[in-house]
Structure formats: C-alpha cells, structure tokens
A.B. asks: 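Provided herewith is a single structure, encoded as structure tokens, for subsequent inquiry.
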Amino acid sequence: LVLAACGGGKIGESGGGGSQPAPNNKKLTLITGVKAEPFYISMRCGAEAEAKKSGYELNTQEPDKFEASLQSPIVTGVLSTKPAGVLIAPTDTKALAAPMKQLTGAGIKVVEVDTALEDKSVAQSSISSNNEQGGQLAAQTLAKLVGSGTGSVLVLNTKAGTSTTDARAKGFEAEIKKYPNLKYVGQQYTDNEPSVAAQRVSATLSAHPDLVGVFATNLNTGEGAATSLRNANKQGAVKLVGFDASPKQVDDLRNGGVQALIAQDPASIGSKGVQQAIAAIEGKPVTRDIATDLVALTKDDMQSKSQYFYKQSC
Ligand code: T6T
C-alpha cells in the first residue's frame, strides 16, 4: 500500500509577486535533526541534487544529537552566514520557534522539512509525510500481523514535543482501538536512544507477558526494539512494526528481526523543500503544506519497493 502524496495546503503568494528577477544570493542551508543518520542523509541527497539543478549552493549543518539545546545554537550561527533560505527539521515544536524567528526576522526564507513547529506562522512551507496517517497504517499493519491472536500492544515514542513521532503515536492510538483483540498499554518515550528503547521493551515484556505487538515510531526506537526482542528470544513471536527504512532496519526486515516497516521518502522531502525555498526567495507562489509518500514494507514485498530504502551516502 502506498499513501499517495497529497498537497493539503493552500497556495499563497510570498515575497510579493511573480516576476521579480532572480536574486544574487543563491545560498541555502539545510539544518537536519541529527548527524549521520540515514533518514537525514537521504534528505540531504535529495536537497543537494535539487539545489544543483537550480543553480543554488546548499550547505548542511547537523547537531550531534536530536536535541533542541544543540540545534538552537546552530540556527543562530547560520544567521550570520546570511543564506537566502534555510530548510530546517526543528527538533522541538516549541523550543526552536525563537531561533527560527530570528531567521525570518533577518529576511531569510524558512521551510520546514519533516518536523515542524506548532506555530505555523514562522515557516513559509512545510514538507513531511502524513505522519498521523503513517501511525494509522502502522496499527493496521500490526493488527494484520497479529491476526486473531490476543494480547498487549506497546508504542515506543522518541521525545515529547517531536511533531512527527507524536503524530504517528496519535494516529496509531486512534486506529488500534478498532481491534478489540489488542490491548493498548500506552506509549513510552525513549529519548530517541536505541538502548533506552531496548530497555523499555524488556521492561514491558516483564510487566505484560502477553505482549504481542510493538510499534516503534522511528529508526532508533525500531533498531532498539529489534535488539531487545532478539535478546529475549521473542523475535517474530512479538510482532514489531517500525517506521523508516535505514540499512539496518532493512536488514532486520530481511532476517525476521522486524515484521514490517513504514518507509518515508526523505529524498523527496529534501528536494521539495529546496523547490519551495527557491520559490519563496524568487517571489513565486509557495505551497504551505506538502505531504510526501509513505509505504508499508514487509519481507514479501520489500524487494519491489527498494526505492524506499534509505541511503548511507549520496
Ligand atoms: O523518523 C525520522 C523523522 O521523520 C523523525 O522526525 C525523527 O526520526 C527520524 O529521523 C528517524 O530517526
């Protein structure tokens, strides 16, 4: 199943008119959520290719951890380099608002890629998967894997205040209620650390020995959950549905460590982000919200969907 991309937003003018000359400043900066992670690497690859095609220069800056306190100073630092546009994946729905407003205050066009602020007035455009729908798809996929079995189901979230994973958990929670054979035992936060995710799964196995399913809302939570289930000899017995498709997650899908993955299209998020930033810079119409594809992968159909596997390098 592929959830088709659907631009949910309004088309609006920005920068006041359609026929301004192309500006001289062709510098763009991409600020990702965390360094050296296949989701953001794939996003950067898409963004770099699109920027090159359009004659723009794209520079990427990344915090060492997915953490607002590490990302905020990067945003402030970018301010002084005066790019024409910034693509950013804000790691917190609130904490990044002030630094991002400094960018717009300096006349820099801001586009959100993947995650977003609660305040929709800061960025001119936001590109992401429909994460709530992704959570819903995860619940349907998990319910199908469990079949007529009964038991408890857990959600592993990252950090409260992450727009994407909170939306995935919300979508999952609403949908899983439709399956009376499954008892939802709630979500647990993991600080986006695989080791914490692994601990949460083993603690839940002790507290709920009838655990039949886990939904891990992103790459790190999924990788940690797979390790924990393998160590507890529960691989395959407890169905694991992950989000994202890193090389390790794809290996886990192939070798039975995880039963399904909901893959995103980070390269398109990057390329569409660049398109919107350039439109804003050049005074062309900008689309406020753009949704990119999501697709469920299982061992049986993964090879035919290999274009959704994330990259380790461009
Ligand atoms: O799932 C992606 C991204 O969509 C999310 O916002 C944060 O985590 C990832 O980068 C995967 O680690």
Side-chain angles (χ1 to χ4, degrees), residues 3 5 30-47 60 62-68 70-71 87-96 111-118 123 126-135 137-138 155-172 187 189-197 215-227 241-250 252 258 260-270 272-273 290-297 308-312:
L3 298 175
L30 167 65
I31 304 173
T32 71
V34 65
K35 188 175 277 176
E37 202 236 53
F39 175 82
Y40 294 113
I41 294 171
S42 302
M43 180 192 285
R44 175 172 59 75
C45 298
T60 301
E62 317 194 85
D64 288 336
K65 290 184 79 178
F66 190 93
E67 212 171 284
L70 298 180
Q71 195 184 35
L87 284 80
I88 179 167
T91 50
D92 187 277
T93 51
K94 290 191 174 78
L96 267 297
V111 171
E112 289 167 331
V113 279
D114 180 50
T115 40
L117 294 178
E118 203 175 79
S126 305
I127 331 290
S128 73
S129 307
N130 184 329
N131 288 292
E132 208 168 313
Q133 217 170 16
L137 177 59
V155 169
L156 290 174
N157 203 335
T158 58
K159 291 184 178 199
T162 307
S163 63
T164 49
T165 52
D166 280 348
R168 291 169 201 165
K170 186 176 170 207
F172 182 92
Q187 66 171 333
Y189 288 100
T190 63
D191 211 24
N192 201 30
E193 294 289 347
S195 60
V196 180
F215 169 41
T217 59
N218 83 336
L219 192 154
N220 277 355
T221 48
E223 291 185 358
T227 306
V241 175
F243 216 96
D244 296 307
S246 72
K248 179 157 188 308
Q249 288 176 292
V250 167
D252 278 340
V258 56
L261 295 173
I262 312 297
Q264 308 189 71
D265 187 356
S268 288
I269 296 177
K272 288 182 163 55
I290 296 177
T292 51
D293 283 355
L294 278 174
V295 55
L297 310 177
Y308 285 95
F309 299 174
Y310 299 177
K311 292 180 180 170
Q312 206 76 262

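Quantities reported herein were computed from a predicted structural model and do not represent experimental measurements. In listed order, ligands and their atoms are each counted from 1.
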A.B. asks: Write down the atom of Glu67, the atom of Thr91, and the distance for their closest heavy-atom approach.
C.D. replies: C-OG1, 3.7 Å
A.B. asks: Take Asp252 and Lys248 through the salt bridge (Lys or Arg N to Asp or Glu O under 4.0 Å) test and state the conclusion after the steps.
C.D. replies: CA-CA 6 Å; Asp252 278 340; Lys248 179 157 188 308; 3.6 Å; yes
A.B. asks: Checking the side chain of Ser42 only, and the main-chain atoms of Lys311 only, is there a donor and an acceptor separated by less than 3.5 Å?
C.D. replies: yes
A.B. asks: Does Tyr308 reach the side chain of Leu261, with side-chain heavy atoms less than 4.5 Å apart?
C.D. replies: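 They are not in side-chain contact.
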A.B. asks: In a check of side-chain hydrogen bond (donor to acceptor under 3.5 Å, both in side chains) between Asn218 and each of Thr165, Asn192, Thr158, which one passes?
C.D. replies: Asn192
A.B. asks: Is the shortest heavy-atom distance from the side chain of Phe172 to the side chain of Phe243 under 4.5 Å?
C.D. replies: no
A.B. asks: Quick one: table the atom pairs, ligand 1 N or O against protein N or O, below 3.5 Å, distance rounded to 0.1 Å.
C.D. replies:
| from | atom 1 | to | atom 2 | distance (Å) |
| --- | --- | --- | --- | --- |
| ligand 1 | 1 (O) | Arg168 | NH1 | 3.0 |
| ligand 1 | 1 (O) | Asp244 | OD1 | 3.3 |
| ligand 1 | 1 (O) | Asp244 | OD2 | 2.6 |
| ligand 1 | 1 (O) | Gln264 | NE2 | 3.4 |
| ligand 1 | 4 (O) | Asp114 | OD1 | 2.7 |
| ligand 1 | 4 (O) | Asp114 | OD2 | 3.2 |
| ligand 1 | 4 (O) | Arg168 | NH2 | 2.7 |
| ligand 1 | 4 (O) | Gln264 | NE2 | 2.9 |
| ligand 1 | 6 (O) | Asp114 | OD2 | 2.6 |
| ligand 1 | 6 (O) | Thr164 | OG1 | 2.7 |
| ligand 1 | 8 (O) | Asn218 | ND2 | 3.0 |
| ligand 1 | 10 (O) | Glu37 | OE2 | 3.4 |
| ligand 1 | 12 (O) | Glu37 | OE2 | 2.4 |
| ligand 1 | 12 (O) | Asn218 | ND2 | 3.2 |

